[in-house]
Amino acid sequence: MTAVGIDAMEIWTGKLKLDLAETFAPAQGDDPGKYTKGLGLHASSFPDVHEDIVTMAANAAHRLMDRKGLEPEDIGRIDVATESSFDNSKPVSTYVAGCLEKVYDGDFHHANKGERKFACISGTQSLDDAYNWIRADRHRGRAAIVIATDTALYARDDPGEATQGAGAVAMLVAEDPDLLELSPEQGFGSADETDFLKPNQQFPSVDGKRSVNVYLARMREALDDFASVSGDIHPEDYPLIPFHTPFPGMVRKAAALGYRHIIRDTEIEDELAEEIGYQPVPEAFDSDDEFYEAIREYTDSLTETERYQAWYGETIDPTLEISRHVGNWYTGSVHIARAAGLKHARENGRDLDGTELLVASYGSGAQAEVHAEKVVEGWEDEIAQLNIDEQIRTRYEMSFEEYEQIHDVHNHDTEADAEAFTDPSEEFVFDGWGRMGERTYKYVE
Ligand code: COA
């Protein structure tokens with residue numbers, strides 16, 4: 001069976017930075033520890049005045065194509081995943097193709113384009129679509145560009161405001177990939193849930209606490225479903241486990257739950273039992289509440305053990321390194337988690353050749369998906385190309401007043417005129433409005 005997977009990736013962050021501890025927390029009257037320790041976030045990225053989901057997506061895709069020496073004729077498919085779309089009919093991928101056609105001689109008329117929606121999991125679903133298209137041998141030797149792009153804005157003073165972010169991840173999906181081979185096996189946990197909605201509105205209606213619990217419940221189902229097709233999962237078999245990361249504190253909870261769940265009835269549980277006892281079982285309790293309380297206590301003790309902390313430090317913590325500085329990118333979040341983990345592994349000389357990552361995606365509404373990705377020899381060369389550290393470092397840092405202004409600029413219901421904070425160079429920018437009210441774009445040399 002031909003290997004299919006991610007051949008290369010590029011990341012584009014919004015060019016503005018909001019420091020959460022120094023700027024946001026004092027303005028909200030909050031202790032900075034709520035952000036840096038509780039949520040695990042230091043800063044959020046925002047798009048400048050001339051940036052949006054199209055420019056970030058097109059800029060990431062342009063870098064990807066340029067670096068891989070690709071022309072439009074090499075690409076048979078452009079799929080965009082987003083939950084920040086501004087049009088119910090025309091997909092963002094058509095705008096992205098329009099942008100790219102301004103800088104390449106050829107065009108994308110032959111390419112199938114679409115837009116995927118299922119909250120934050122649609123980036124992973126678009127990867128699936130590209131994978132299936134190649135596997136079905138309908139690709140005529142061409143590759144797919146999959147882009148996850150979002151401006152994750154919440155209404156002012158919504159609890160989610162602390163977790164905002166904006167950026168795009170572009171991935172090239174191809175045969176014999178240079179970075180990661182996707183496993184055919186997948187596990188799903190999917191249910192009709194009401195935790196996060198945008199019923200024809202820009203800012204989400206969120207039941208934040210509930211969304212945390214739904215994430216955990218669906219993730220547990222997806223892990224079980226994956227194990228049913230791949231065989232038992234052993235947490236220490238995977239060098240990295242990138243999770244969907246709305247904020248690192250969420251992953252701290254998901255990792256503890258996942259680890260506890262998959263060590264049940266294994267030798268790891270036996271070995272840990274001397275220190276913290278065995279996991280509680282429902283039959284031993286008179287009520288569900290007592291059982292849940294016991295499970296919570298066991299999980300707390302588990303996370304204090306040396307074995308768990310070593311596993312977390314090696315397998316999970318590195319995947320959070322980008323997210324801490326950019327916030328939630330919705331559809332892109334699990335993909336920057338994967339990139340952060342691989343980047344950290346390269347910088348620390350870890351040998352990942354031939355190992356498998358376990359990738360855990362999630363979207364509110366709600367669905368979790370788990371699959372494995374085999375790391376291809378030579379992966380370090382691909383990862384070395386990422387310039388996300390430099391992008392993060394060179395963002396313009398906003399004052400709180402400037403943040404309020406930028407929030408208004410990107411609020412579809414307010415008309416805010418503001419000067420850009422950064423000077424665009426060699427990138428696509430938002431250029432105004434066309435005759436049918438469409439957004440227009442140009443390339444700035
Ligand atoms: N020092 C250290 N930790 C602190 C703290 C301080 N000074 N103040 C608060 N914290 C901790 C809290 O204990 C909590 O951690 P815990 O959940 O492990 O107990 C964390 O910081 C967040 O504080 P909390 O009061 O729960 O925040 P909140 O209620 O304002 O908002 C969300 C949290 C997740 C509900 C909110 O960010 C949200 O709605 N986000 C959008 C939805 C989302 O991302 N859902 C995730 C699934 S997709």
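Both ligands and their constituent atoms are indexed starting at 1 by order of listing.
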Colleague: Any non-hydrogen protein atom below 4.0 Å of atom 15 (O) of ligand 1?
Modeller: no
Colleague: Could you go through the salt bridge (charged side-chain N to carboxylate O under 4.0 Å, His left out) check for Asp79 and Arg77 one step at a time?
Modeller: CA-CA 6 Å; Asp79 287 314; Arg77 195 176 169 105; 2.6 Å; yes
Colleague: Under 6.0 Å between ring centres: does that hold for Phe86 and Tyr95?
Modeller: yes
Colleague: Out of curiosity, His412 NE2 to Gln201 CD, how far, rounded to the nearest 0.5 Å?
Modeller: 12.5 Å
Colleague: Establish, yes or no, whether a centroid distance under 6.0 Å links the rings of Phe203 and His407.
Modeller: yes
Colleague: Could you report the tightest heavy-atom contact between Glu356 and Ala372, atom names first, then the distance?
Modeller: OE1-CB, 3.8 Å
Colleague: Is there a heavy atom of Lys253 sitting under 4.0 angstrom from any atom of ligand 1?
Modeller: yes
Colleague: Report yes if some N/O of Ser211 lies less than 3.5 Å from some N/O of ligand 1; otherwise report no.
Modeller: yes
Colleague: Going by heavy atoms, is Tyr35 under 4.0 Å from ligand 1?
Modeller: no
Colleague: Are Trp12 and Ile388 side-chain neighbours, meaning at least one heavy-atom pair lies under 4.5 Å?
Modeller: no
Colleague: For ligand 1 and Asn328, I'd like to know whether there is a polar contact (N/O to N/O, distance under 3.5 Å).
Modeller: no
Colleague: Between ligand 1 and Asp158, is the shortest N or O to N or O distance under 3.5 Å?
Modeller: no
Colleague: Looking at atom 12 (C) of ligand 1, is any protein heavy atom nearer than 4.0 Å to it?
Modeller: no
Colleague: Does the protein place any heavy atom closer than 4.0 Å to atom 32 (C) of ligand 1?
Modeller: no
Colleague: Any non-hydrogen atom of Phe196 lying under 4.0 Å from ligand 1?
Modeller: no
Colleague: Got an N/O contact under 3.5 Å between His244 and ligand 1?
Modeller: no
Colleague: Between Glu236 and Arg307, does any NZ, NE, NH1 or NH2 come within less than 4.0 Å of an OD or OE carboxylate oxygen?
Modeller: yes
Colleague: In the protein, what heavy atom is nearest to atom 40 (N) of ligand 1, and what distance, to one decimal place, separates them?
Modeller: Gly160 CA, 3.7 Å
Colleague: Where does the angle between the aromatic ring planes of Tyr362 and Tyr215 fall among parallel (under 30°), tilted (30 to 60°) and perpendicular (over 60°)?
Modeller: tilted
Colleague: Report yes if Arg252 has an N/O atom closer than 3.5 Å to an N/O atom of ligand 1; otherwise report no.
Modeller: no
